[in-house]
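In what follows, a structure is listed as structure tokens, so that the remarks can point back to it.
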Amino acid sequence: MEDEVERRQIQQILELDNEELQIEEVESLLESSDDDRDASGVVSPDDFTFNTQLTSLHSYLGEVDDTRHRSAFWDGGAVLNLPLFYLEGVVLFPEATLPLRVIEPNFVAAVNRAMTQADAPYTMGVVRVYRDSNDGPLRLAKVGTTAEIRQYRPVEDGSINVVTRGQQRFCLRRCWIDAEGAPFGEIQIIEEDIPFRTPRDAYAKLVPLNNRRGQQILSLNALSHGGRNDENDSEANSEESFENELTQTERRIHQSAIGACYDSDRMDESTSSADDNKLSESDSQSGSPCGTDSTFLGSSPSGHEKQVRNTDLGIGTKSMARKVAEPRSHLSSTLSRAFAPIWVYRMYDSFCLAQKAADMWKQIVGTPSMDGFVKKPDLLSFYIASKIPVSDPTRQELLEIDGVSYRLRQEIELLERLDRVRCKICKTVIARRSDMLVMSTDGPMGAYVNSYGYVHEVMTFRKAKGLATRGRPHKEYSWFPGYAWTIINCASCDVQMGWLFTATNEKLKPKSFWGIRSCQVKDETR
């Protein structure tokens with residue numbers, strides 16, 4: 001079935017290639033492109049006829065053979081020796097596609113070694129290289145990604161066409177050149193954390209803050225008379241259910257917080273009266289402990305939030321109920337089941353953060369749908385990091401972040417602040433995020449390789465400004481079937497920014513769009 005789908009897609013590419021080249025004047029194309037978006041900023045389906053699945057095939061590489069091999073994942077902390085592939089201006093993330101046209105002999109040797117090695121077959125390490133200054137030496141990033149070779153075809157001129165897919169992050173421990181000239185490295189697989197979810201009933205039956213002390217008194221009084229009512233039984237069951245949904249580490253923290261409440265009460269009973277008065281005043285003035293969505297970004301809690309947090313944990317509060325010397329297990333059933341206020345949970349709940357990030361991405365980009373990623377926050381964090389229109393140093397920083405929730409929070413902050421894209425050299429504004437255009441099923445940014453073996457990460461925009469075309473349109477080796485490409489430079493500093501893609505027939509829409517190299521942009525935020 002997959003072979004039949006691929007055959008039809010290849011036939012579509014051939015039909016587009018056989019169309020007569022009919023490229024209109026650039027100025028008229030740009031003028032007509034302004035009307036392709038509706039009021040919400042999303043491209044109208046009637047103004048988009050291009051099949052984005054064709055782009056992800058990387059058909060410009062020619063015929064490549066499926067290796068039909070899927071390498072196993074290694075445990076976190078595993079140490080391996082892998083062939084390395086260095087790329088300047090490119091950051092590979094897990095699950096991202098990376099096409100390669102391997103020409104240089106040392107990298108040809110590295111790919112061949114990856115195809116035949118026994119301990120990690122069809123796998124190599126991809127690392128970003130960079131310069132501290134324009135004339136400085138090349139440096140290797142400390143964190144890279146393993147790449148699985150999924151398609152492979154040697155070419156008569158000695159080069160190799162390869163399509164790879166990112167798998168796991170690693171730390172580069174050391175590197176060397178082997179006897180055949182292939183770059184090698186000793187890597188250590190980074191252990192990824194498990195996405196954190198707040199237990200379902202953590203806040204299901206929380207007592208209002210100003211009523212909690214009274215209920216604790218009644219509950220403990222009932223215990224002191226040797227009995228527990230049905231409500232207390234239900235409370236205990238709910239507490240047990242809450243603790244069952246916690247991980248072992250979270251359970252220890254929860255029990256420590258409850259223990260802190262109990263121990264603090266016994267140490268400071270002499271100050272209970274004064275603290276009760278302060279607590280009454282605090283209760284009358286306090287609001288809900290639940291923060292707004294703006295607290296996602298990890299801003300420091302206000303004084304009120306700290307006070308509420310301490311109240312929820314029982315730190316510094318000396319109610320009469322806690323003077324009753326009961327075992328810790330009984331005391332915990334009368335306190336808040338959550339050992340921190342809800343705004344703290346929402347800052348680190350990976351699934352809550354994933355939903356917020358997916359909603360923002362859909363609002364900005366429109367397509368593709370992110371619904372399938374919401375249930376997999378780790379994959380969503382890598383997807384957004386690989387597609388967000390920011391510079392490659394910023395994406396390298398995202399790759400190096402350990403922790404799904406931390407990466408998602410940083411991406412949410414970038415999405416909220418990201419507004420304009422500027423030329424890295426002269427800082428001229430060339431595009432806005434609202435003009436991002438999805439021309440591939442992989443998203444609005446992808447990696448493509450030219451006929452000389454240079455890999456470019458390209459972000460696509462419907463509109464751009466401050467750019468000038470250079471030379472004539474070329475149809476050969478186009479990354480987008482049915483479109484011809486023209487080199488574009490920054491009109492102010494004349495550095496190459498990317499390419500203008502123009503449709504080769506009148507039926508293909510959009511008629512034109514811009515491909516901007518991520519390595520040539522400077523991050524601009526509001």
Side-chain angles (χ1 to χ4, degrees), residues 76 91 93-96 141-143 145 166 168-169 171 190-200 202-203 246-247 249-250 253 288-302 304-306 308-309 338-365 370-419 433 436 443-445 518 523-526:
V91 182
F93 285 85
E95 300 300 317
K142 296 299 184 181
V143 176
T145 304
Q168 292 176 275
R169 295 188 306 145
C171 289
I190 296 175
E191 184 173 3
E192 304 291 355
D193 65 338
I194 299 175
F196 171 81
R197 182 194 294 274
T198 304
R200 289 191 301 272
Y203 299 95
L246 295 175
T247 66
T249 302
E250 294 163 355
I253 298 174
S288 171
C290 302
T292 62
D293 287 344
S294 63
T295 59
F296 273 33
L297 303 182
S299 56
S300 300
S302 64
H304 167 67
E305 288 171 329
K306 291 180 180 177
V308 172
R309 177 172 57 190
F339 54 82
I342 191 171
W343 64 267
V344 175
Y345 278 100
R346 298 187 74 179
M347 284 173 56
Y348 297 97
D349 187 318
S350 302
F351 294 85
C352 190
L353 292 169
Q355 184 64 64
K356 182 177 179 66
D359 291 342
M360 294 180 66
W361 186 261
K362 185 176 181 180
Q363 181 181 5
I364 295 170
V365 181
M370 307 296 290
D371 296 340
F373 280 114
V374 174
K375 297 181 180 179
K376 301 176 180 178
D378 50 343
L379 297 185
L380 176 66
S381 71
F382 288 134
Y383 177 87
I384 293 180
S386 65
K387 308 302 177 187
I388 190 170
V390 294
S391 62
D392 53 288
T394 300
R395 287 205 313 284
Q396 179 68 36
E397 292 176 3
L398 293 174
L399 179 67
E400 295 178 2
I401 293 177
D402 292 327
V404 177
S405 60
Y406 292 101
R407 190 179 302 111
L408 284 170
R409 287 170 59 194
Q410 182 64 26
E411 290 165 355
I412 289 172
E413 182 175 354
L414 286 172
L415 289 173
E416 287 184 333
R417 299 172 56 202
L418 181 65
D419 184 25
R433 74 172 189 181
M436 292 170 59
M445 176 183 286
S518 65
D523 299 331
E524 175 69 14
T525 56
R526 292 193 183 96

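The structure displayed is predicted, hence computed values, not measured ones. Only heavy atoms go into these numbers, but all of them, side chains included; no hydrogens, no water, no symmetry mates.
Shown here for F351 and V374, the closest heavy-atom pair between the two residues is CD2-O, 4.0 Å. Taking every heavy atom of both residues into account, S518 and M445 meet most closely at CB-CE, 4.0 Å. Annotation for L408 and S350: closest pair CD1-O, 3.6 Å, computed over non-hydrogen atoms. Annotation for T145 and G166: closest pair CG2-CA, 4.0 Å, computed over non-hydrogen atoms. Heavy atoms only, all atoms of each residue included: P444 and K387 are closest at CG-O, 4.0 Å. Between E411 and L380, the shortest heavy-atom distance links the atoms OE1-O, 4.5 Å.
Interatomic distance, CG of L418 versus CD1 of I388, reported as 6.0 Å (0.5 Å rounding). If you take CG on L399 and CD on E397, they are separated by 11.0 Å, rounding to the nearest 0.5 Å. Expressed to the nearest 0.5 Å, how far OG of S405 lies from CG of D193 amounts to 6.5 Å.
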- [ ] Run the numbers on I384 and L414 for side-chain contact (heavy atoms from CB on, under 4.5 Å), then give the verdict.
- [x] CA-CA 10 Å; I384 293 180; L414 286 172; over 6 Å; no

Open item on the list: Checking D378 against E192 for the side-chain contact (heavy atoms from CB on, under 4.5 Å) test, could you report, in this order, the C-alpha distance in whole Å, the side-chain angles of both residues, the deciding distance, and whether it holds?
Closed with: CA-CA 9 Å; D378 50 343; E192 304 291 355; over 6 Å; no

TODO: Show your reasoning for whether side-chain contact (heavy atoms from CB on, under 4.5 Å) applies to D402 and R169.
DONE: CA-CA 10 Å; D402 292 327; R169 295 188 306 145; 2.8 Å; yes

TODO: Evaluate side-chain contact (heavy atoms from CB on, under 4.5 Å) for K356 paired with E416, printing each intermediate quantity in order.
DONE: CA-CA 11 Å; K356 182 177 179 66; E416 287 184 333; 4.0 Å; yes

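By the salt bridge (Lys or Arg N to Asp or Glu O under 4.0 Å) test, E400 is found to be paired with no residue, residues two or more places apart in sequence or in another chain being considered.
Of the possible polar contacts, none joining the R407 side chain to the F382 backbone as a donor-acceptor pair under 3.5 Å is found. With Q396 contributing its side chain and V143 its backbone, the two residues share a donor-acceptor pair below 3.5 Å. For D392 (side chain) and V91 (main-chain N/O), no donor-acceptor pair under 3.5 Å exists by modelled atom type. A donor-acceptor contact shorter than 3.5 Å is absent between the side chain of R433 and the backbone of P389.
In this structure, W361 and F373 have side chains that are not in contact, with every pair of non-hydrogen atoms separated by 4.5 Å or more.
Between the side chains of Q355 and D359, at least one donor-acceptor pair of N or O atoms lies under 3.5 Å.
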